[in-house]
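To keep things clear, I will list the structure first and then write my remarks on it.
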There are 2 protein chains.
Amino acid sequence: MTEPSRAREIREAATELFYERGYHGTSMREIAARLNMRAPSLYNHLESKQQLLVDIIEDDVALITREFEDATATTDDVIEKFRRGFEVHVRHHTRYAHESKIAMTEVAALEEPGQSEVKEMRRHYTELWRTLIEQAVAEGRASTQSTNLAAYAIIDMGIGIARWFRPDGPLSEGTLAGTYCDFALSVIGADSSPPRSRT
Amino acid sequence: MTEPSRAREIREAATELFYERGYHGTSMREIAARLNMRAPSLYNHLESKQQLLVDIIEDDVALITREFEDATATTDDVIEKFRRGFEVHVRHHTRYAHESKIAMTEVAALEEPGQSEVKEMRRHYTELWRTLIEQAVAEGRASTQSTNLAAYAIIDMGIGIARWFRPDGPLSEGTLAGTYCDFALSVIGADSSPPRSRT
DNA sequence: CCTACCGATCGGTAGG
DNA sequence: CCTACCGATCGGTAGG
């Protein structure tokens, strides 16, 4: 019964160490030491150090993308989509702050083809935001004239959270998500009142 | 006449490599190779690899702080201070995108006491923003109720620029600064009209 | 899961 | 500025 979780334990230890010291600043011996193992034993559960990084980053980007798509699919109102999508964005960067920080910081440490894959996944996620903002503007529910920059601005606002948020701090995830949603809505110049039915 | 610039050339080469591959992902041999030197020769111009990183990061944080203080000192209107300060913030992250990205990404690679020094410098910079936003709210020129989070949000918005901005891209620094200033003003709920004189 | 060990590479020094 | 070289450490393999 200890067997199926060993790979996951290794990955969790690696995630913490990559978060604290970076990929190149972490040795396989250190990861093993966290689990009271020796470095060679790790290789019964993984391919390589590099594969560990690829898995952590790709899974994180895939997860936030899926969370976004699920959350925005539950309503037709474009501002409500935006609100739910951004709440997911913020909450992801608090709940998976370590993975998110690694995904942001260690892209350069990815070898090909992993690096290109991750960049493509990120482009896709950004594109989802751009499209949503464009739609809000097209429907007259938001006023920004720079959908491109607005997308970058609100995404980066959320990513930053992963660098300073502390789960045990005084600020709750819910308060943070609410306040940041207001920030994001004002960046795109949102009219947050419900849509008028056409006369 | 080649002598006084050698240290600077080394630092510039190190900045580019740390930006591309990270501190631990860059070797002294690679830095030397960029300048057609051998690694041991570098040590005629610097103390250690670590000192190179400390210098790059501390100078960058010191510079943006000074730029902010200079820019905000040129007016008494609090919203105009905010606007000039944020323009400096944005322009810094485009002009010194490499240094800024290193300063954001490689803090964990700093040994003590450098790491604590940099964190303290950053706390101070954040504090300047918090104070400015609080003042704007106190004067009735901004409406946010979360000066703390607003400070984080607009700072992170600007920092993010260092990751995607390309000086040779289609977007000019001026356009970016203007658009982002509007974003930041709306985050704090700024009334951007000039202050009424008291009746 | 371990010990023993590999070749490669690291930051840095000695000495000129 | 160089060559020669140091001890330490790296990711990973062999073999059990």
Side-chain angles (χ1 to χ4, degrees), chain A residues 1-58 102 105-115, chain B residues 1-58 102 105-115:
Chain A
M1 200 65 186
T2 96
E3 181 49 35
S5 61
R6 209 47 166 160
R8 194 165 43 82
E9 287 178 329
I10 293 170
R11 180 167 156 161
E12 284 168 4
T15 300
E16 291 209 21
L17 283 163
F18 291 170
Y19 172 76
E20 290 167 14
R21 317 180 186 191
Y23 176 75
H24 289 299
T26 301
S27 70
M28 295 304 277
R29 281 158 180 81
E30 288 171 320
I31 295 171
R34 287 251 169 151
L35 302 168
N36 295 313
M37 298 167 68
R38 311 293 159 191
S41 304
L42 296 174
Y43 290 85
N44 293 311
H45 305 279
L46 53 86
E47 268 183 42
S48 66
K49 187 190 181 190
Q50 173 72 202
Q51 192 58 47
L52 215 39
L53 183 67
V54 171
D55 287 347
I56 291 167
I57 296 184
E58 290 198 344
I102 295 167
T105 291
E106 303 293 344
V107 180
L110 286 171
E111 298 165 6
E112 295 294 356
Q115 183 171 135
Chain B
M1 203 62 188
T2 95
E3 181 49 34
S5 62
R6 209 46 166 164
R8 193 164 43 82
E9 286 179 330
I10 293 169
R11 179 167 157 161
E12 284 167 5
T15 300
E16 290 208 21
L17 283 162
F18 292 169
Y19 172 77
E20 291 167 14
R21 315 182 188 189
Y23 176 75
H24 290 299
T26 301
S27 71
M28 296 304 277
R29 282 159 179 81
E30 288 171 320
I31 296 171
R34 287 252 170 149
L35 302 168
N36 295 311
M37 298 166 70
R38 310 293 159 191
S41 304
L42 296 174
Y43 290 85
N44 293 310
H45 305 278
L46 52 87
E47 268 183 43
S48 66
K49 187 190 182 191
Q50 174 71 200
Q51 193 57 47
L52 216 39
L53 183 67
V54 171
D55 289 346
I56 291 168
I57 296 184
E58 290 198 345
I102 295 167
T105 292
E106 303 293 344
V107 180
L110 285 172
E111 298 164 7
E112 293 296 357
Q115 183 170 133

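Atoms considered below: every heavy atom in the structure, side chains included; atoms not considered: hydrogens, waters and symmetry mates.
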In dot-bracket, 5' to 3', how would DNA chain C read with Watson-Crick or G-U wobble pairs under 3.5 Å, [ ] for crossing ones and | for pairs to another strand?
||||||||||||||||

Could you tell me the separation between the OH atom of Y23(B) and the P atom of dC10(C), rounded to a whole number of Å?
13 Å

Are OP1 or OP2 of dG11(D) and a side-chain N or O of H24(A) less than 4.0 angstrom apart?
no

Short N/O separations, protein against nucleotides 14-16 of chain D, under 3.5 angstrom:
none

Could you give the CD-to-C1' distance, from Q51(B) to dG12(C), as a whole number of Å?
15 Å

Rounded to whole Å, CD1 of I10(B) lies from P of dG11(C) at a distance of 14 Å

Short of 4.0 Å, heavy atom to strand atom, which residues of residues 25-38 of chain A count as contacting DNA chain C?
N36(A), M37(A), R38(A)

What distance do H24(A) atom NE2 and L53(A) atom CG have between them, rounded to the nearest 0.5 Å?
8.5 Å

Got a second to check how far M37(B)'s CE is from E9(B)'s CD, nearest 0.5 Å?
9.0 Å

Determine all donor-acceptor pairs shorter than 3.5 Å in which one atom belongs to a side chain in residues 28-35 of chain A; sequence neighbours excluded.
from, atom 1, to, atom 2, distance (Å)
E30(A), OE1, S27(A), N, 2.8
E30(A), OE2, R21(A), NH1, 2.5
R34(A), NH2, E20(A), OE1, 3.3

Hey, can you pull the donor-acceptor pairs under 3.5 Å for the side chains in residues 10-19 of chain B, sequence neighbours left out?
from, atom 1, to, atom 2, distance (Å)
R11(B), NH1, D59(B), OD2, 3.0
R11(B), NH2, D59(B), OD2, 2.9
E12(B), OE2, R8(B), NH1, 3.4
T15(B), OG1, R11(B), O, 2.8

Provide the full list of salt bridge (charged side-chain N to carboxylate O under 4.0 Å, His left out) pairs with a residue in residues 42-53 of chain A, sequence neighbours left out, each pair given once.
none

Taking D55(A) for its side chain and L52(A) for its backbone only, find out whether a donor-acceptor pair lies under 3.5 Å.
no

Mind listing the side-chain donor-acceptor pairs of residues 106-114 of chain B below 3.5 Å, one per line with the distance, residues two or more places apart or on another chain?
from, atom 1, to, atom 2, distance (Å)
E106(B), OE2, Y23(B), N, 3.3
E112(B), OE1, S116(B), N, 3.1
E112(B), OE1, S116(B), OG, 2.8
E112(B), OE2, S116(B), OG, 3.0

Taken in chain and number order and not counting sequence neighbours, the residues that satisfy side-chain hydrogen bond (donor to acceptor under 3.5 Å, both in side chains) with Q115(A) are K119(A)

Nucleotide nearest S48(A) when distance is taken to its side chain, options dG12(D), dG12(C), dC2(C):
dG12(D)

What's the CZ-C1' distance between R21(B) and dC10(C), to the nearest Å?
15 Å

Quick one: which of dC2(C), dG12(D), dG12(C) gets closest to the side chain of K49(B)?
dG12(C)

